[in-house]
Amino acid sequence: DVDYGYQAARQVGLNLVATLKDQLGDLDRVEKVIKIFGIVQSTNDFKQQHLVINGCSDLMMEVFGNEIGFHARSAIGTNTLPLDVTVEIEAIVQIK
């Protein structure tokens, strides 16, 4: 279900932002979101992984705006992920 996955990816995005804030002390130290790489647990016939990862990408744009939040992105599917999670997302972020 794309909507379920989108919400899961959005939650991962919130976790990424919270980690950045915790580690940097201030989100103003984020200079640029460079890339988001998302892995979606899905069946062989599911071809909408990119729509799922929009949940994280859209959130980054909402939080950081166009200039900082606009990023490159990759989205792939796999039949299993650790701990049976729905999505796993890696972010490359440039900091000041």
Side-chain angles (χ1 to χ4, degrees):
D1 177 309
V2 172
D3 188 53
Y4 179 85
Y6 180 97
Q7 294 304 322
R10 185 174 177 86
Q11 183 61 52
V12 172
L14 288 169
N15 291 342
L16 288 168
V17 170
T19 299
L20 286 167
K21 180 153 178 35
D22 180 62
Q23 295 299 305
L24 301 175
D26 188 343
L27 290 177
D28 287 340
R29 291 195 53 208
V30 174
E31 190 168 316
K32 181 78 177 147
V33 178
I34 304 293
K35 183 174 183 181
I36 298 292
F37 173 61
I39 307 168
V40 180
Q41 183 174 182
S42 51
T43 59
N44 290 341
D45 61 337
F46 185 76
K47 308 291 186 217
Q48 297 179 311
Q49 289 85 359
H50 62 291
L51 298 177
V52 169
I53 300 304
N54 280 348
C56 184
S57 290
D58 291 349
L59 179 82
M60 292 298 163
M61 296 295 287
E62 290 171 27
V63 171
F64 295 108
N66 228 15
E67 189 174 327
I68 295 171
F70 191 77
H71 55 274
R73 190 181 76 167
S74 299
I76 64 169
T78 186
N79 65 338
T80 187
L81 284 169
L83 304 174
D84 202 30
V85 297
T86 303
V87 295
E88 183 174 311
I89 299 176
E90 173 183 293
I92 300 172
V93 178
Q94 182 176 347
I95 58 172
K96 299 175 189 172

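- In the hydrophobic clustering of ILVMFWY residues, with side-chain heavy atoms under 4.5 Å counting as a link, Val63 and Val12 come out together.
- Side-chain atoms of Lys32 come within 3.5 Å of backbone N or O of Glu67 as a donor-acceptor pair.
- Across all their heavy atoms, Phe64 and Val33 have their closest contact at CD1-CG2, 3.9 Å.
- Of the inter-residue distances, the one linking Asp28 atom CG with Lys96 atom NZ reads 6.5 Å to the nearest 0.5 angstrom.
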Set out, in order, the CA-CA distance, both residues' side-chain angles and the distance that settles side-chain contact (heavy atoms from CB on, under 4.5 Å) for His71 and Ile92, then state yes or no. CA-CA 9 Å; His71 55 274; Ile92 300 172; over 6 Å; no
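- You'll find the side chain of Asp26 stays beyond 4.5 Å of the side chain of Leu24, heavy atoms only.
- When all heavy atoms of Leu59 and Gly13 are compared, the closest pair comes out as CD2-C, 3.2 Å.
- Listed here is the closest heavy atom pair of Ile53 and Ile39: CD1-N, 4.4 Å.
- The CD1 atom of Ile95 sits 11.5 Å away from the CG atom of Leu27 when rounded to the nearest 0.5 Å.
- Val17 and Val87 fall within a single hydrophobic cluster, where Ile, Leu, Val, Met, Phe, Trp and Tyr side chains are chained together by heavy-atom contacts under 4.5 Å.
- In plain terms, the two heavy atoms of Ala91 and Ile36 that are nearest each other are CB-CD1, 3.8 Å.
- Here the straight-line distance linking atom CE of Met60 with atom CG of Asn66 works out to 14.5 Å at 0.5 Å rounding.
- In the hydrophobic clustering of this structure, Ile34 does not group with Val93; members are Ile, Leu, Val, Met, Phe, Trp, Tyr whose side-chain heavy atoms approach within less than 4.5 Å, directly or through other members.
- No side-chain heavy atom of Gln41 sits under 4.5 Å from any side-chain heavy atom of Val85.
- By the 4.5 Å heavy-atom criterion applied to side chains, Arg73 and Asn54 are counted as neighbours.
- No side-chain heavy atom of Val40 sits under 4.5 Å from any side-chain heavy atom of Gln48.
- Cluster annotation: Tyr4 is not connected to Leu51 through the hydrophobic network of ILVMFWY side chains, with a link wherever side-chain heavy atoms come within less than 4.5 Å.
- The shortest side-chain heavy-atom distance between Glu88 and Phe37 does not fall under the 4.5 Å cut-off.
- Summarising the geometry of Cys56 relative to Ile89, their closest heavy-atom pair is CB-CD1, 3.6 Å, with the distance given to 0.1 Å.
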